[in-house]
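Data first, discussion second: the structure below is written as structure tokens.
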Amino acid sequence: MDTEGTYDSRGTRSGHSVPRPAGPPPPVLPPMPGHAPAGGPSLGDWLRIPRPLAEPGVWRSGHTDRPAEEAERTPDRTLVGGAVISLLACILVWSLWRNGYIPYWRVPLTLFTPDEWWGPFDHQPLTHGAVRALDIYRLLIIGAIVYGFGRLGNWPAAFERSVAGRGPAARAAGAAAGALLVWILVWTGTVPGMELTFSFVAGPWMGTDRTLTTVVTYTLYALITLVIVWPFAKLGRWSRLRRRNADGSRPPQPPTAGAGTPSARGTTDRGTAGEAGHDAESRTAGSADDPAEWPDLRAAGQDQAAAKLAQEARSGRMNDVDYARIRRAWTSVRADSTRLPAFTDTVLRNGAAACTHPSGARDLPVRSARHDLLVDQVRLGTVDDNERNPYARRGSGIALDPGLLGTSLLAVGPPGAGKSRALIRPVVESLALQALAGRAAVVAVCATGTQLGADKGFDVVVKLGDPASVHDLDLYGGTSDPDEAAAVLAEGLVGDLPEVDSRRAATALAQLLGPYRAAHGRFPAVPELRELLDGVPAALAALREAVDAAGSQSMHRELDARARQSGAPGDPGPALADRVALLDRPAFAEFFDTTGKARPFSLRALEHPLRVRIDLPERGHAEASRMLARLVLAQFTASAAARADRSLFACLVLDDATRTLTPDTVRGIQRLRSAHAGAVLTLRTLDDVPESLHTALLGAVGCRMAFSGITTWDGKRFAEAWGTEWVETRDVTQRTVFADQPMTRAIHAFRKLVTGKAVTTDAVTVRQVERERWSASELAHRVPAGHAVLSLTTVRGEHAPPLLVNLNG
């Protein structure tokens, strides 16, 4: 039987070898771009952009205020109809005037000119001066007629809406048609322009020399044509259309990180903090108040340092982070004059690299959002042009800053709604940039693989469960007080269990941590803590012996109390042991070290401008990841409030806060506002939090964000939190008109026959009603994909109503 080579050895049939799988295709290099990548504005130009004070959440860079209410919009049909009627009336009046049906129109001219210019009958012109005056007078009358009827018929608005609204090409074509019409009117003498122009140059220029006469004649033709065409060219924006067509003929430019950058190193539209961020007017380059020239340093007599920094900015060696960092250092110098010599010396030596972050970094490897460090803002999107949004906010950029994040932010949205892409990563980037500028500290907690930036963009990266992780996590929050460590650890371990009292759990842990630290000078590691909580006799006996050896006899009372409570009803020990057992796994064997061999990160380091990312192994250890996230949240709320130096804004960004919130942590989040700190939390649904905490959680945060796709149950909670408002409603009632006169009834009958509708009148009732800002149904079904509803509150108590935000704008 022929096996068709299926079981034969290679090369045994017909001398042909068995075909091998095709290898990968050879690499194809992308085509070389035909032009240089587009560059952004220089640092100086970017600094001079006006940033007026605005409402909370407004992207201030280049912002212009809009009126509080929209001007009444005339319907298109009414606008065009009025323009056409006024045009016809203009033609009628012009025709009547030209044909002599309007008497005495020359009387004003004869009153202000010499009598010898005019004849005795019909005031006919007798001199060249009279002819010129009459032409000028006619030109003024034509201009007055056109201007008057143009204002009456609102021709500019009609042109903008009916012609220019169809696109740049339609605008240009409409302007060209208008220019051609005026040119024909002038050329045919309907509008006195040609004869008037030639009358002023007649004489020596229009003599017997035919060559000179021809040159002058055609020059005047060109000038007249130019005078006619120029205003229509401005109206039609011909130059802009020409540039657009020229750019469209080139190959498309590839997107680069340098687009819109104020630095020479490719940062997107960014900025730095300082007093200059509050200016509402742009500055002129080289002026006394030009921020790029460092006027504050010059006013303090530091001309050399100011000149050095200004030169760095002009040469492109300084970026927005450098500017923000040096301004931060200068602010500290003004607060403590003893730092002035050191500041001046490092600026003169290092220029833009002065006062660098301890990591040596001067920027992030990649930026995915628009940042403005001058006012510490990160842009999330654009307020949608929707009737639910206030008219003054429509189309404006929406941004977050520490003043808003200080009240904490809660975002709820289903998976895939864009919480990590549109909110978490931009906020983490913004806080990381502020940390490089020495003004913030950020701790980002996320699942392994979440795209929050490259490892190079962080100072500390804790990859729990990954043996390659350089840093470890301090299980006890860096404290040396057993009671404080027990309270925070109990909240992280069993804070989500309603049947376990967190206070009793903290007491049980303190009864073990205190004696252990007194005996060994450190807290127990995870395996040791598990044995103690399980009540292993050998472990407890060894601890008693170690306490005796350390001479801490008073700690025996703690151990005796723990022994009495062990096994009693309501004892939290078994629950604590079960939760600690989740960490006593091979994947975590090299983590949570307390012997000093590892490099643990402690949240006590929030007094330093650190960029920290903690990766949790949710895929293989989901329950342990939830517990660790809850522990980090409890440690952050405790450490942020206990800081001695609160000059840095500290923020915890928790990418998924499912089952991490407890009554104590919700109260801790509320206290962050007064500690110059905040938290950003995201949830898939409010059901991931105990129902008893829904109201407390929404009340504890100042900024609330509902993404597209939430359920009506979640929408109901947001609707209750956002409350109601008074709105004006119009009720229109149509009533049939019954005519008494036979002629009127006949007209109404004919109208009904033609239109198919009876003649009616509208009765409009206007009233004020109280309505929910956003109802549960609207939040669940009327928020488009890629959008979210966001309300904001600043630490000073300023509010922004719920706004529909386009996160892709």
Side-chain angles (χ1 to χ4, degrees), residues 31 33-41 62-64 66-67 70-91 142-143 146-147 149-188 190-191 193 221-256 259-260 269 381-387 391 394-397 784 786 806 808-809:
H35 57 276
H63 172 71
T64 54
R66 298 182 65 181
E70 183 180 8
E72 186 176 356
R73 179 183 174 90
T74 305
D76 293 348
R77 181 177 179 180
T78 303
L79 184 64
V80 175
V84 171
I85 292 174
S86 65
L87 177 61
L88 296 176
C90 177
I91 296 174
I142 294 174
V146 173
Y147 177 78
F149 282 99
R151 288 294 301 270
L152 181 64
N154 204 359
W155 293 355
F159 176 81
E160 290 292 333
R161 192 179 301 180
S162 60
V163 179
R166 301 178 183 276
R171 171 188 285 272
L180 179 61
L181 177 62
V182 173
W183 184 82
I184 292 174
L185 293 175
V186 173
W187 195 265
T188 58
T190 306
V191 174
Y221 288 161
L223 290 176
I224 293 172
T225 303
L226 180 63
V227 170
I228 295 173
V229 171
W230 182 79
F232 287 97
K234 299 289 290 185
L235 176 65
R237 301 174 184 174
W238 294 352
S239 60
R240 186 180 303 179
L241 182 63
R242 180 181 56 82
R243 289 194 300 267
R244 178 185 176 185
N245 293 334
D247 294 339
S249 62
R250 302 174 184 173
Q253 297 185 1
T256 61
D269 187 16
T382 305
V383 179
D384 198 60
D385 190 5
N386 187 282
E387 61 180 5
Y391 180 74
R394 297 177 192 174
S396 62
N806 182 1
N808 299 320

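The two residues Pro67 and Tyr391 make their nearest non-hydrogen contact at O-CD2, 3.3 Å. The minimum heavy-atom distance between Leu241 and Ala172, with the atom names listed, is CD2-CB, 3.6 Å. Residues Arg394 and Asp385 share a closest heavy-atom pair of CD-OD1, 3.3 Å. Heavy-atom minimum distance, Trp155 versus Ser86: NE1-OG, 2.7 Å.
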Can you give me every donor-acceptor pair (side chain of residues 228-237, partner residue at least two apart or in another chain, under 3.5 Å) with its distance?
none

Can you list, pair by pair, the side-chain donor-acceptor contacts under 3.5 Å of residues 174-183, counting residues two or more places apart and other chains?
{"residue": "Trp183", "atom": "NE1", "partner": "Thr225", "partner atom": "OG1", "Å": "3.3"}

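Trp187 has its side chain out of reach of Ile224: every pair of non-hydrogen atoms, C-beta onward, lies at least 4.5 Å apart. In this structure, Pro156 and Asn154 have side chains that are in contact, with non-hydrogen atoms separated by less than 4.5 Å.
Sorted by first and then second residue, the pairs that involve residues 156-184 and meet salt bridge (Lys or Arg N to Asp or Glu O under 4.0 Å), not counting sequence neighbours, are Asp76-Arg161, Glu160-Arg171.
Applying the side chain to side chain contact (heavy atoms under 4.5 Å, CB included) test between Thr188 and each of Ile184, Val191, Val186 identifies Ile184 as the sole match.
The line from OG of Ser396 to NE2 of His63 is 6.0 Å long, rounded to the nearest 0.5 Å.
Atom OH of Tyr147 has 12 or fewer neighbouring heavy atoms from other residues, nucleotides or ligands inside a 6.0 Å radius.
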